[in-house]
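One structure is given here, and the rest of the page talks about it.
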Amino acid sequence: MRLPMTMPATPREAELIQEELRSRLDLVGPGERRPARVAGVDVAYADDRLAAAVVVLDGVTLQVLDQVAVPGRVAFDYVPGLLAFRELPSVIQALERLSVTPDLVVCDGYGIAHPRRFGLACHLGVLTGLPAIGVAKTAFVGAYDEPAHERGAWSELRLDGDVVGRVLRTQDGVKPVFVSVGHAVDLDTACHNVLTLTPRYRLPETTRAADRLSREALRSASAT
DNA sequence: GCGACAG
DNA sequence: ATCTTGTCGC
């Protein structure tokens, strides 16, 4: 499977691409579903080099089923709102080299909780056709109330009067994470899965595994 | 107009 | 994202 990704030359062109792809978004999905395989993606950087990593975990045991790392070079500067153009080229390549197809992809960032309602997770989902969600560590857009301090507590993330995500506490007393739908999955399902993926730490095991692999891949590439 | 701004 | 020591707690 060859998934081409258009690389814009300017931020303005990137916004136009987002606008076009946004028409292909599925914000509902098939309904409640326990994914058998959940993938986590992340990217590590060092100067103009980078390493994208994808790790697929069993949805129940959280054991690693498959993982792929792809080294590359930065092809787009970081611009808030345009993160997908910086990270996805290499992430898509890694996904294509997977030997198993994930039922859900957990991204490090946002889905529709985005200035133009089309964040990293939406872009990845539309391009691959895979259900995708975004789990971010800090706020980007939207307003919210602080959720209660126990694990599982949450509050709505609103943007211009719309609910675009949830501020979810994954462990008692730790800072909450920001969950938003990317593609082909609903918000309830997204949050249920995030809680399943956080039996012990604040961040999903998928994210933690992909983070470790991307950094290690960057290191072994340096030693070459 | 001025700041804020996923990773 | 990345640059970084010590420190508190299980």
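Lettering of chains follows the sequences in order, A, B, ..., and the numbering in each one begins at 1.
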Salt bridge [X]-[Y], side-chain N to carboxylate O under 4.0 Å:
X: A:Glu19; Y: A:Arg22; result: no
X: A:Asp211; Y: A:Arg215; result: yes
X: A:Arg219; Y: A:Glu216; result: no
X: A:Arg166; Y: A:Glu156; result: no
X: A:Arg208; Y: A:Asp42; result: no

Main-chain N/O of A:Asp26 paired to A:His183 side chain as donor or acceptor, under 3.5 Å
yes

Keeping A:Ser180 on the side-chain end and A:Gly165 on the backbone end, is there a donor-acceptor pair under 3.5 Å?
no

If you compare all heavy atoms of A:Phe140 against all heavy atoms of A:Ala113, which two are closest, and at what distance to 0.1 Å?
CD2-O, 4.1 Å

In terms of heavy-atom contacts, A:Glu146 and A:Ser155 come closest through C-OG, 4.5 Å

Contact list please: residues 105-120 of chain A against DNA chain B, heavy atoms, distance less than 4.0 Å, in numerical order.
A:Asp108, A:Gly109, A:Tyr110, A:His114, A:Gly119, A:Leu120

Is there a residue in residues 136-149 of chain A whose heavy atoms reach under 4.0 Å of DNA chain B, and which residues are they?
A:Ala136, A:Lys137, A:Thr138, A:Ala139, A:Phe140

Hydrogens and angles aside, do [X] and [Y] bring a side-chain donor and acceptor to less than 3.5 Å of each other?
X: A:Gln171; Y: A:Arg202; result: no
X: A:Arg151; Y: A:Thr198; result: yes
X: A:Asn193; Y: A:Thr196; result: no
X: A:Asp66; Y: A:Ser99; result: yes

Same hydrophobic cluster for A:Val105 and A:Val56, using side-chain heavy-atom links shorter than 4.5 Å among ILVMFWY?
yes

Output a table of nitrogen or oxygen pairs between the protein and nucleotides 3-10 of chain C separated by less than 3.5 Å.
none

Just checking, A:Arg86 and A:Tyr45: is the charged tip under 6.0 Å from the six-membered ring centre and within 45° of the axis?
yes

Do the ring planes of A:Phe85 and A:Phe76 sit parallel (below 30°), tilted (30 to 60°) or perpendicular (above 60°)?
tilted

Parallel, tilted or perpendicular: ring planes of A:Phe178 versus A:Tyr144, cut at 30 and 60 degrees
perpendicular

Once you apply a heavy-atom cut-off of 4.0 Å, does A:Ala46 come out as touching a base, just sugar-phosphate, or nothing?
nothing

Tell me which residues in residues 189-202 of chain A lie within less than 4.0 Å of DNA chain C, going by non-hydrogen atoms.
none

Using a cut-off of strictly less than 4.0 Å, decide whether A:Tyr78 has a side-chain nitrogen or oxygen near OP1 or OP2 of B:dA6.
yes

Pairing string of DNA chain C (Watson-Crick or G-U wobble, both atom distances under 3.5 Å; | = paired to other strand) is ..........

Tell me, what's DNA chain B's dot-bracket, Watson-Crick or G-U with both distances under 3.5 Å, | for other-strand, [ ] crossing?
.......

What's the NZ-P distance between A:Lys175 and B:dA6, to the nearest Å?
12 Å

